[in-house]
Amino acid sequence: MKTNKFLLSAGLLALTLSSCTDLDVDVKSQYTSLVNTPEAVTANMANVFFQFRDPLGRRYMEAMTLSSDEYTSLAYSGNWVDAYAYAHPSYHTSRPEDATVDWMGVLGRANVLANEIIESNYSEENKCAARAVRAFYTFLIMENFGDAPIPDAGYKEENGLDMFDRNPRPEVAKWIEKELLEVYDKLPEATTGDNYGKPSKYMALALLAKLYINWPVYTTAKVADYEAASAKNEKLADCIKVCDQIISSGKFALGPVAYRFKFNHNNTELVESGQIKDFIYAMPYDTYSAQGMQWGRSHVYKDIKAMNPSYFGEKLGNSGGAYMTLTPECVDRFNLPGDERNWMIAGLLDKDGNPANGQVYVYDPETLLPTDQIAMEGTPEKIYDEQGNEIGKKPLRPLVFSKTIHVVLDPAANDVGNDLDSWCQGYRSMKWFLCNRDYSNGRNQSNDVPIFRYADILLTKAEALVRSGQGGAKDLFNQIRSYVKAPELAGEPTLDDLYMERGREFFDELWRRNDMIRFGHYEDEWFPHYKSNPNASFDKNMRVFPVSKNDLDLNPTWTQNPGY
């Protein structure tokens with residue numbers, strides 16, 4: 001029980017035992033051996049595998065997208081300010097009190113249970129699966145918060161690492177690599193059926209690819225010292241090797257369905273029927289049985305409940321929060337002629353691929369493409385006489401989004417006002433298509449979220465080849481372009497080509513912040529993160545988030561990240 005004694009001391013176990021405040025309590029007084037019945041094993045393994053479901057469904061998503069150049073927060077005459085929790089990541093000024101960064105403890109709880117499984121009499125397959133998920137959750141903590149507690153007391157003791165504090169990021173990266181190399185070949189090869197959403201051999205290899213391509217980011221002693229232009233990556237050959245293991249398996253493909261269907265609310269069924277072969281590792285969601293995916297709540301038009309039909313092709317039974325909208329810079333990336341991914345932006349194109357100039361069309365819920373039907377705003381404006389008496393209503397008007405965002409009230413909150421024109425600020429994502437059956441049920445969606453995709457492996461290998469001065473990246477790159485019917489490259493892609501392509505291919509999939517840091521663009525300018533905006537920070541320490549106040553309170557030996 002050595003490992004859990006460490007976790008208790010580090011405060012992570014206290015997150016699961018709200019009544020436990022004494023960090024010296026003997027762990028045996030709180031835990032007994034795990035029950036090893038089939039039902040108990042299934043339940044305990046599920047508690048590890050799916051702990052990420054809740055933060056991924058909202059808070060993690062907010063932190064990733066709002067801190068990147070994809071999304072910005074909006075407020076409406078004071079609505080959705082929420083102590084600036086959404087505006088802070090848009091300005092790279094997150095605070096320890098912000099709800100958007102308070103999810104490390106969820107991953108800590110999962111690591112505690114993973115350790116219990118690893119030290120139990122469960123099967124070796126279960127223990128390896130727990131180790132793989134534990135490595136993944138530790139990767140997420142390291143990726144987003146820098147230094148992280150390695151949840152392996154034996155390893156820490158052997159390597160002279162602090163048992164109670166967070167451990168240096170370079171050491172965490174090395175431990176994650178060690179764990180994945182030790183377990184990946186002992187994990188199931190299946191990524192569908194009973195193993196869908198659970199760790200597999202290819203999930204571990206994909207995580208290794210992410211680790212390796214970002215190796216210089218994670219192993220630089222201080223996060224602010226990483227320089228993309230001069231960084232040397234000693235793990236490029238290893239990155240290519242693990243990508244090749246996934247590619248040569250023959251288990252994955254970009255199709256056969258068109259790009260847009262991969263993210264629809266029925267993608268679980270499409271995976272199981274073999275129509276989606278792109279998902280290496282995904283988080284399953286269901287509006288009734290696996291709740292938590294609520295991206296539509298923040299992404300859609302504010303008055304969407306009043307629209308009949310909505311631009312998703314049917315009337316929706318719940319309103320929109322609409323506190324996140326696309327930046328102009330994000331929209332401008334979708335500029336390749338014929339690229340089917342352009343239809344992921346509502347207001348960008350009509351059904352024939354012509355510029356829509358913000359005009360939103362009703363999408364067909366079967367084809368997931370825009371129709372000829374113009375989407376109409378749902379709430380007609382009232383007409384008043386000179387005495388202020390309501391005398392009528394204006395006819396409904398077409399819904400037209402504005403790519404340019406005009407802040408008219410509190411700049412620190414990106415407050416755009418609270419009328420029909422205000423609600424149309426910013427284009428909106430169509431990627432995670434909504435249906436009323438799901439959305440009416442507490443705004444819960446059934447869209448599974450892919451975490452690692454085969455497309456990512458192709459572009460990661462291409463990037464590793466370019467960074468190491470080798471050829472062959474063009475063919476990998478053009479597989480993506482050919483699949484989405486975008487123009488193919490005649491020559492080898494540059495790093496800029498790869499960066500822009502990743503911004504299109506993985507738009508709204510939570511990897512943009514990771515890419516921006518690696519490619520050296522996290523301190524660029526985009527709305528509202530402009531140097532002319534006094535609310536914006538360009539401090540390189542902001543490449544990681546602050547440790548939340550709750551985590552610091554539970555871990556008195558921890559210190560806050562530099563710059564916060």
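These numbers were taken from a predicted model, which means no experiment stands behind them. These numbers come from the heavy atoms of this one structure, side chains and all, not from hydrogens, waters or symmetry mates.
Side chains of Asn418 and Ser422: no donor on one and acceptor on the other come within 3.5 Å. The closest side-chain donor-acceptor pair between His265 and Asn447, if any, does not fall under 3.5 angstrom. Looking at Thr460 and Asp456, their side chains do bring a donor and an acceptor atom within 3.5 Å of each other. Counting only N and O atoms by type, the side chains of Asp524 and Tyr530 include no donor and acceptor under 3.5 Å apart. Side chains of Asn441 and Thr287: a donor on one and an acceptor on the other come within 3.5 Å. Side-chain atoms of Ser273 and Gln275 include a donor-acceptor pair closer than 3.5 Å. Looking at Thr327 and Asp69, their side chains never bring a donor and an acceptor atom within 3.5 Å of each other. For the residue pair Asn533 / Tyr91, a side-chain donor-acceptor distance below 3.5 Å is found, with atom types taken as modelled. Between the side chains of Asn144 and Arg543, no donor N or O sits under 3.5 Å from an acceptor N or O. Side chains of Tyr323 and Glu62: a donor on one and an acceptor on the other come within 3.5 Å. Asn444 and Tyr285 are not linked by any side-chain donor-acceptor pair at a separation below 3.5 angstrom, with hydrogens and angles left out of the test. Between the side chains of Thr371 and Asp364, no donor N or O sits under 3.5 Å from an acceptor N or O. Looking only at atom types and distance, the side chain of Glu143 has a donor-acceptor partner in the side chain of Asn514 under 3.5 Å away. Residues Arg512 and Ser67 have side chains that never bring a donor and an acceptor to within less than 3.5 angstrom of each other. Counted by atom type alone, Asp448 and Tyr196 present one or more donor-acceptor pairs between their side chains at under 3.5 Å.
At distances below 3.5 Å, at least one donor-acceptor pair connects side-chain atoms of Asp350 with backbone N or O atoms of Asn354. Remark: the backbone N or O of Leu270 is not paired with any side-chain donor or acceptor of Asn267 at under 3.5 angstrom. The main-chain N or O of Gly296 is found under 3.5 Å from a side-chain atom of Gln445 such that the two form a donor-acceptor pair. With Ser90 contributing its side chain and Ser73 its backbone, the two residues share a donor-acceptor pair below 3.5 Å. Formation of a donor-acceptor pair under 3.5 Å by the Tyr483 side chain with backbone atoms of Tyr259 is found in this model. In this structure, Tyr226 contributes its side chain and Arg518 its backbone to a donor-acceptor pair below 3.5 Å. Ser298 places a side-chain N or O within donor-acceptor distance of the main-chain N or O of Trp295, the cut-off being under 3.5 Å. Between the side chain of Arg95 and the main chain of Thr93, a donor-acceptor pair closer than 3.5 Å is present. The backbone N or O of Ala322 lies less than 3.5 Å from no partner atom in the side chain of His299, so there is not a single donor-acceptor pair. The backbone N or O of Gly78 sits less than 3.5 Å from a side-chain atom of Asp415, completing a donor-acceptor pair.
Looking only at side-chain heavy atoms (C-beta outward), Trp215 and Asn233 come within less than 4.5 Å of each other. In this structure the side chain of Lys251 never reaches within 4.5 angstrom of the side chain of Tyr454, judged on heavy atoms. Side-chain contact between Leu336 and Pro487 is present, with at least one heavy-atom pair separated by less than 4.5 Å. Between Asp332 and Lys403 there is a side-chain heavy-atom pair separated by less than 4.5 Å.
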Criterion side chain to side chain donor-acceptor pair (under 3.5 Å) on Asp303 and Thr379, from CA distance to verdict = CA-CA 7 Å; Asp303 201 28; Thr379 303; 2.3 Å; yes
Chi angles and distances behind the salt bridge (charged side-chain N to carboxylate O under 4.0 Å, His left out) call for Lys540, Glu227 = CA-CA 10 Å; Lys540 294 179 181 179; Glu227 295 294 340; 2.8 Å; yes
Could you go step by step and tell me if Glu329 and Arg333 meet the salt bridge (charged side-chain N to carboxylate O under 4.0 Å, His left out) rule?
-> CA-CA 7 Å; Glu329 292 80 5; Arg333 276 197 292 279; over 6 Å; no
Go through the steps for Ser446 and Asp438 under the test side chain to side chain donor-acceptor pair (under 3.5 Å), then give the verdict.
-> CA-CA 7 Å; Ser446 297; Asp438 291 352; 3.1 Å; yes
With salt bridge (charged side-chain N to carboxylate O under 4.0 Å, His left out) as the test, would you mind laying out the steps for Lys485 and Glu340 before giving the verdict?
-> CA-CA 6 Å; Lys485 299 181 174 58; Glu340 293 184 349; 3.3 Å; yes
Give the C-alpha distance, both sets of side-chain angles, the deciding distance and a yes or no for side chain to side chain contact (heavy atoms under 4.5 Å, CB included) between Met142 and Leu211.
-> CA-CA 11 Å; Met142 175 195 71; Leu211 184 71; 4.1 Å; yes
When you look at Lys394 and Glu377, which way does the salt bridge (charged side-chain N to carboxylate O under 4.0 Å, His left out) test go after all the steps?
-> CA-CA 11 Å; Lys394 295 180 181 179; Glu377 294 199 70; over 6 Å; no
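Arg481 has no carboxylate O lying under 4.0 Å from a charged side-chain N of Asp339, or vice versa, which leaves the two without a salt bridge. Between Glu70 and Arg513 there is no salt bridge, since none of the side-chain N atoms of the basic residue sits less than 4.0 Å from a carboxylate O of the acidic one. Between Glu505 and Arg341 there is a salt bridge, since a side-chain N of the basic residue sits under 4.0 Å from a carboxylate O of the acidic one. The residues Lys431 and Asp508 are annotated as not salt-bridged, no charged nitrogen and carboxylate oxygen being separated by less than 4.0 angstrom. Under a 4.0 Å N-O distance rule, the pair Arg502/Asp497 does not qualify as a salt bridge. With respect to the salt-bridge test (charged N to carboxylate O, under 4.0 angstrom), the residues Asp54 and Arg59 do not qualify.
In this structure, the separation between OH on Tyr427 and OG1 on Thr325 is 10.5 Å, given to the nearest 0.5 Å. Taking CZ of Phe452 as the start and CD1 of Ile246 as the end, the distance is 9.0 Å to the nearest 0.5 Å. Here the CG atom belonging to Leu56 is positioned 6.0 Å from the CG atom belonging to Leu510, to the nearest 0.5 angstrom. We find the CG-CG distance between Leu74 and Asn79 to be 12.0 Å, quoted to the nearest 0.5 Å.
Each of Tyr202, Phe52, Phe49, Phe136 was scored for a ring pair (Phe, Tyr, Trp, His ring centres under 6.0 Å) with Tyr281, with one residue passing: Phe136. Checking His88, His92, His521 one by one against His529, the ring pair (Phe, Tyr, Trp, His ring centres under 6.0 Å) holds for a single residue, His92.
Ring-plane geometry between Tyr363 and Phe433 is classed as tilted, the angle between the planes lying from 30 to 60 degrees on a 0 to 90 degree scale. Ring planes of Phe519 and Tyr499: tilted class, angle from 30 to 60°. Ring-plane geometry between Tyr218 and Phe139 is classed as perpendicular, the angle between the planes exceeding 60 degrees on a 0 to 90 degree scale with a lower cut at 30.
For Arg53 and Phe50, the positive end sits near the middle of the six-membered ring, less than 6.0 Å away and at most 45° from its axis.
Dense packing is recorded around NZ of Lys210, with more than 12 heavy atoms of other residues, nucleotides or ligands lying under 6.0 Å away.
For Arg260, there are no salt bridge (charged side-chain N to carboxylate O under 4.0 Å, His left out) partners two or more places apart in sequence or in a different chain.
Centroid-to-centroid, the aromatic rings of Phe507 and Phe334 come within less than 6.0 Å.
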